[in-house]
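So that the names make sense, note that chain A is the first sequence line, chain B the second, and so on, each numbered from 1. Below, each value reflects all heavy atoms present in this structure, side chains not excepted, and no hydrogens, waters or symmetry copies.
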There are 2 protein chains.
Amino acid sequence: MNKSNLYKGCLEPIIMQLLSDKGRMYGYEITQKVKDLTKNELQITEGALYPLLHRLEASGILEVEMENIGNRVRKYYSLTKSGKKQTKIALTEIQAFLDTLQTLVNPKLA
Amino acid sequence: MNKSNLYKGCLEPIIMQLLSDKGRMYGYEITQKVKDLTKNELQITEGALYPLLHRLEASGILEVEMENIGNRVRKYYSLTKSGKKQTKIALTEIQAFLDTLQTLVNPKLA
DNA sequence: TTGAATACCTAATTTGTTTATGTATTTAAT
DNA sequence: ATTAAATACATAAACAAATTAGGTATTCAA
């Protein structure tokens with residue numbers, strides 16, 4: 001993540017962390033998991049999620065396995081080897097970003 | 001801040017917090033202060049800052065005092081009464097947002 | 001005297017969202 | 001049996017908040 005980006009791109013590390021934790025997930029599952037984990041605070045919209053998953057796949061961070069569930073197709077995403085490396089970096093960066101924001105927004109806790 | 005906004009609008013509460021803390025500041029001073037406080041991690045661009053200050057002024061959150069420093073004009077911004085109320089709300093919201101992100105990105109610390 | 005720092009500003013562009021819309025299957029309720 | 005809600009994928013248009021790039025002008029330091 002570009003450090004000068006004050007805000008954008010939090011969705012990407014969130015998804016990378018989840019996949020790092022769960023091994024593999026499909027899109028809809030991710031939306032539900034985030035909704036669950038955040039007690040409905042964060043609702044990932046599909047319009048944000050699916051294009052992002054496609055971008056991460058195209059850039060070699062994620063790989064996809066199709067699975068047939070009844071007559072329905074489910075697309076399971078997981079981190080590639082390269083994706084795992086980049087996840088470590090991304091998580092370190094977003095953690096630094098959150099720490100920075102935290103001290104700015106609540107300097108008493110600094 | 002819209003809770004479903006995964007990212008946007010962190011600059012706004014940062015500025016509100018700073019003004020809440022310092023009483024009054026001018027634009028350039030804000031950029032330098034943030035740069036300082038974050039050890040060069042966050043560089044607020046003027047293209048983001050000035051339009052935001054103008055928006056906050058237009059919406060009655062900030063008020064402005066012009067001051068002549070030599071031949072130069074400095075615009076000091078401070079929170080209005082209404083702005084102070086909204087700052088409390090904004091800071092509570094961004095804190096919740098940061099906590100949420102924190103647990104997602106590092107569930108071990110949850 | 002010249003470049004860097006101070007101090008303001010805006011327009012065009014980029015980017016990552018939301019909103020809206022679509023398809024189709026499966027499950028639960030009436 | 002029928003219908004609504006949930007599951008599961010997807011994309012296009014619109015939007016908002018940033019970046020980039022440009023501008024003006026003063027002050028300070030080399």
Side-chain angles (χ1 to χ4, degrees), chain A residues 1-16 24-36 40-59 61-62 64-77 90 94 97 100-101, chain B residues 1-16 24-36 40-59 61-62 64-77 90 93-94 97 101:
Chain A
M1 196 177 74
N2 183 352
K3 270 107 167 239
S4 64
N5 254 167
L6 224 40
Y7 61 96
K8 282 181 197 167
C10 286
L11 189 51
E12 196 174 303
I14 287 172
I15 286 165
M16 288 166 86
R24 58 176 220 158
M25 297 180 86
Y26 55 97
Y28 184 78
E29 187 185 10
I30 292 173
T31 66
Q32 298 309 302
K33 191 72 195 170
V34 168
K35 201 176 154 189
D36 258 37
N40 300 328
E41 268 268 310
L42 244 65
Q43 302 261 12
I44 295 182
T45 57
E46 294 174 314
L49 180 66
Y50 290 115
L52 176 55
L53 289 173
H54 301 160
R55 276 200 301 281
L56 292 174
E57 190 198 346
S59 65
I61 290 171
L62 299 184
V64 67
E65 285 170 289
M66 310 289 243
E67 216 145 296
N68 290 327
I69 309 294
N71 285 327
R72 192 187 275 167
V73 174
R74 217 181 248 173
K75 291 175 78 174
Y76 276 97
Y77 289 92
I94 199 178
F97 174 67
T100 296
L101 273 189
Chain B
M1 195 179 73
N2 181 354
K3 271 105 165 239
S4 66
N5 253 171
L6 222 40
Y7 60 92
K8 282 180 198 167
C10 287
L11 189 50
E12 197 174 302
I14 287 173
I15 286 165
M16 290 166 86
R24 58 177 221 156
M25 296 179 87
Y26 55 98
Y28 185 76
E29 188 186 7
I30 292 175
T31 65
Q32 299 309 301
K33 192 70 195 172
V34 168
K35 201 177 154 188
D36 258 36
N40 300 327
E41 268 267 310
L42 244 65
Q43 303 261 10
I44 296 183
T45 56
E46 295 175 314
L49 180 66
Y50 289 116
L52 176 54
L53 289 174
H54 301 159
R55 274 201 302 280
L56 292 174
E57 192 198 344
S59 65
I61 289 171
L62 299 185
V64 68
E65 285 171 287
M66 311 289 241
E67 217 145 295
N68 289 328
I69 308 294
N71 286 324
R72 192 186 274 165
V73 174
R74 218 180 247 173
K75 291 176 79 175
Y76 277 96
Y77 289 91
E93 277 178 3
I94 198 179
F97 174 68
L101 272 189

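Listed candidates were dT19(D), dC8(C), dA8(D). Nearest to the side chain of E46(B) is dC8(C). Of the candidate nucleotides dT19(C), dT20(D), dC8(C), dT20(D) has the atom nearest to the side chain of T45(B). Checking dA10(D), dT7(D), dC8(C) against every side-chain atom of Q32(A), the shortest atom distance belongs to dT7(D). With distances taken from any side-chain atom of A48(A) to the nucleotides dA10(D), dT18(C), dC9(D), the minimum falls on dT18(C). Checking dT19(D), dT17(C), dC9(C) against every side-chain atom of L11(A), the shortest atom distance belongs to dT17(C).
Regarding E29(A), its CD atom lies at a distance of 17 Å from the C1' atom of dT26(C), rounded to whole Å. If you take CG of L49(B) and P of dT19(D), they are 11 Å apart, rounded to a whole angstrom. As a whole-Å value, the separation of L53(A) CG from dT11(D) C1' is 14 Å. Atom-to-atom, CG of D36(B) to C1' of dT6(C) comes out at 15 Å; the value is rounded to the nearest Å. Between the NZ atom of K33(A) and the P atom of dT7(D) there is a distance of 14 Å, given to the nearest Å. In this structure, CD1 of I44(B) is placed 15 Å from P of dA17(D), rounded to the nearest angstrom. Between L52(B) atom CG and dT19(D) atom C1' the separation is 14 Å, expressed in whole Å. Rounded to an integer number of Å, the gap from Q43(B) CD to dA18(D) C1' is 15 Å.
Note that CG of L42(B) and CZ of F97(A) are 6.5 Å apart. Values are rounded to the nearest 0.5 Å. The CD1 atom of I30(B) lies 11.5 Å from the CD atom of E46(B); values are rounded to the nearest 0.5 Å. With rounding to the nearest 0.5 angstrom, the CD atom of Q32(A) is 8.0 Å from the CD atom of Q43(A). Within the model, atoms CD1 of I44(A) and CD1 of I14(A) stand 6.0 Å from one another, a figure rounded to the nearest 0.5 Å. Taken to the nearest 0.5 Å, the NZ atom of K75(B) stands 9.5 Å off from the OH atom of Y50(B). Of the inter-residue distances, the one linking L62(A) atom CG with L56(A) atom CG reads 4.5 Å to the nearest 0.5 angstrom.
Residues from residues 65-75 of chain B with heavy atoms under 4.0 angstrom of DNA chain C, sorted by number: R72(B), R74(B), K75(B).
Put simply, Y26(A) has no side-chain N or O that comes within less than 4.0 Å of OP1 or OP2 on dC9(D). Contact annotation: H54(A) side-chain N/O to dT11(D) OP1/OP2 distance is under 4.0 Å. Between Y28(A) and dC9(D) there is no side-chain polar atom (N or O) within less than 4.0 angstrom of OP1 or OP2. Taking 4.0 angstrom as the limit, Y50(A) places none of its side-chain polar atoms (N or O) nearer than this to OP1 or OP2 of dA10(D).
Looking at heavy atoms from C-beta onward, E29(A) lies in side-chain contact with Y76(A) at the 4.5 angstrom threshold.
Contact annotation for G27(A): backbone-only contact, meaning every heavy-atom pair under 4.0 Å involves sugar-phosphate atoms and none involves a base.
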side-chain contact (heavy atoms from CB on, under 4.5 Å) between M16(A) and I61(A): does it pass, once the steps are laid out?
-> CA-CA 9 Å; M16(A) 288 166 86; I61(A) 290 171; 4.0 Å; yes
